[in-house]
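These notes are about the structure you will find just below.
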Amino acid sequence: MGRIYLHSSMSDSRQWRALHNDFDGVLHDFYGYGEAPPAPPGPFSFAVEAARIPLNTAMTLIGHSYGAATSLHLASLHSQQTKLLCLYEPVAFWLLPEESTERQEAETLARRMAGVDAATAARTFVNYWSGEGAFESLPARSQQKLASQAPKVMKDFEALIGEQSDPSNITAPMLLMVGKHSPASSRAVAFELARRLPQAELVEVEAGHMGPIQAPDKVLPVMADFLRRYG
């Protein structure tokens with residue numbers, strides 16, 4: 001059916017297995033996560049990331065956070081091949097004005113991660129998106145795994161902040177979900193996208209930024225309903 005599932009940073013394609021059970025498609029792992037190889041050295045961008053994604057001529061893009069932002073990149077470049085977008089809080093910070101407090105908040109997060117060791121960077125990242133104490137509440141093994149992914153998160157930020165694609169040419173139907181308890185930066189992106197794309201169906205749910213993983217009962221039924229309606 002042309003569905004491509006794209007996960008968030010510090011996650012992998014397994015986060016989508018419950019939805020994938022009813023709506024089959026490609027479960028893709030980004031560089032540095034899941035079964036994927038490490039990211040190549042040198043400058044990083046969505047063009048580098050997307051080179052591994054198996055595109056098709058009638059794509060339904062299902063994404064969360066970094067994966068949702070990647071979906072916007074793909075859809076803006078391949079609008080005629082994009083049939084449908086089902087997105088939860090794309091962190092497309094490049095769409096926010098440079099002087100906005102929300103974009104500055106996101107860029108400050110990236111800078112805070114850049115100047116510390118991997119464990120501290122992972123703690124900073126997880127606690128920003130999931131709330132203070134979230135990282136500390138995890139088992140040591142999980143903390144170590146997340147710390148090992150911190151260098152790739154920095155590349156993810158490099159792609160997000162350096163991106164310049166314009167989603168205004170996207171005409172495909174879009175579900176745009178946003179958590180009521182998410183940080184201001186990701187909520188601002190969702191509302192900016194809804195302003196730019198009149199076809200976007202904006203739905204707020206009782207969840208935070210990690211809703212697809214931490215509150216699947218609030219998020220996945222809405223996505224499933226959208227996918228059933230549009231095929």
Side-chain angles (χ1 to χ4, degrees), residues 6-11 15 30-33 39 43-50 53 61-77 85-116 121-131 134 146 149-170 174-197 200 202-204 207-213:
L6 302 173
H7 61 83
S8 65
S9 296
M10 283 195 178
S11 183
Q15 76 167 78
F30 289 125
Y31 276 122
Y33 303 115
F44 197 75
S45 65
F46 278 128
V48 176
E49 187 78 86
I53 300 174
L61 299 168
I62 302 163
H64 168 215
S65 190
Y66 178 71
T70 307
S71 298
L72 289 173
H73 166 84
L74 292 172
S76 66
L77 293 181
L85 293 106
C86 188
L87 309 180
Y88 191 95
E89 290 199 12
V91 286
F93 301 128
W94 72 91
L95 299 178
L96 300 177
E98 291 186 6
E99 69 279 5
S100 68
T101 56
E102 294 86 359
R103 177 162 173 168
Q104 290 176 10
E105 183 177 300
E107 294 183 357
T108 296
L109 174 63
R111 287 194 296 271
R112 288 176 60 203
M113 291 182 65
V116 296
R123 182 171 65 249
T124 299
F125 184 80
V126 172
N127 286 352
Y128 176 80
W129 292 116
S130 297
L146 294 171
Q149 296 173 335
K152 177 49 171 47
V153 174
M154 296 309 302
K155 287 185 174 290
D156 296 349
F157 269 117
E158 183 181 351
L160 289 167
I161 294 172
E163 177 69 0
Q164 296 183 2
S165 61
D166 184 353
S168 61
N169 66 326
I170 298 174
M174 177 187 297
L175 173 65
L176 184 57
M177 297 190 69
V178 60
K180 292 182 179 179
H181 310 295
S182 297
S185 60
S186 56
R187 285 178 56 81
V189 172
F191 294 130
E192 175 64 17
L193 276 168
R195 184 185 70 80
R196 295 193 189 195
L197 302 175
L202 183 67
V203 178
E204 283 192 273
H209 181 69
M210 300 307 293
I213 298 171

Check whether any side-chain heavy atom of Val153 lies under 4.5 Å from a side-chain heavy atom of Tyr33, and answer yes or no.
-> yes
Point-to-point distance, once rounded to the nearest 0.5 Å, from CD of Glu102 to CG of Leu95 = 13.0 Å
Qualifying residues under ring-ring contact (aromatic ring centres under 6.0 Å, His included), relative to His209, sequence neighbours excluded | His64, Trp129
Euclidean distance, Ser76 OG relative to Glu163 CD, rounded to 0.5 Å = 6.5 Å
Check Leu87, Leu85, Val203 against Leu175 for a side-chain contact (heavy atoms from CB on, under 4.5 Å) and give me the one that passes.
-> Val203
Taking every heavy atom of Val48 against every heavy atom of Pro43, the minimum-distance pair comes out as CG2-O, 4.2 Å
Residues passing the side chain to side chain donor-acceptor pair (under 3.5 Å) test with Glu204, sequence neighbours excluded, are Arg187
Rounded distance (nearest 0.5 Å) linking atom CZ of Phe125 with atom CE of Met154 = 10.0 Å
Nearest heavy-atom neighbours spanning Ile161 and Arg103 | O-NH2, 4.0 Å
All heavy atoms of Ser65 vs all of Ser8, minimum pair found to be CB-CB, 3.7 Å
What's the spacing between Ile53 CD1 and Leu6 CG if we round to 0.5 Å?
-> 5.0 Å
Check Leu74 against Ala50 and note the closest heavy-atom contact, atom names and distance.
-> CD2-CB, 3.7 Å
Is Val91 close to Val189 at the side-chain level, that is, under 4.5 Å between some pair of heavy atoms?
-> no
Under 4.5 Å between any side-chain heavy atoms of Glu105 and Leu109, yes or no?
-> no
Using atom types as modelled and distance alone, determine if a side-chain donor or acceptor of Glu49 lies under 3.5 Å from a backbone N or O of Tyr31.
-> yes
Phe46 vs Tyr66, ring-ring contact (aromatic ring centres under 6.0 Å, His included): CA-CA, chis, key distance, verdict | CA-CA 10 Å; Phe46 278 128; Tyr66 178 71; 5.6 Å; yes
Would you confirm whether Ser130, through its side chain, and Asn127, through its main-chain N or O, come within 3.5 Å as a donor-acceptor pair?
-> no
Carefully, step by step, assess Met174 and Leu72 under the rule side-chain contact (heavy atoms from CB on, under 4.5 Å).
-> CA-CA 10 Å; Met174 177 187 297; Leu72 289 173; 4.0 Å; yes
Rounded to the nearest 0.5 angstrom, the OG-CD distance for Ser9 and Gln149 is 9.0 Å
Atom of Ala69, atom of Leu160 and distance for their closest heavy-atom approach = CB-CD2, 3.6 Å
CD1 of Ile213 to CE of Met10, rounded to nearest 0.5 Å, is 12.0 Å
Counting only N and O atoms by type, is there a donor-acceptor contact under 3.5 Å from the side chain of Lys152 to the main-chain atoms of Ala39?
-> no
Which pair of heavy atoms, one from Arg196 and one from Pro167, lies closest together, and at what distance?
-> NH1-CD, 4.1 Å
Examine the side chains of Ser182 and Glu89 and answer whether a donor and an acceptor come within less than 3.5 Å of each other.
-> yes
Are Leu197 and Leu176 close enough that some pair of their side-chain heavy atoms sits under 4.5 Å apart?
-> no
May I ask you to test the His7-Phe30 pair for a side-chain heavy-atom distance under 4.5 Å?
-> yes
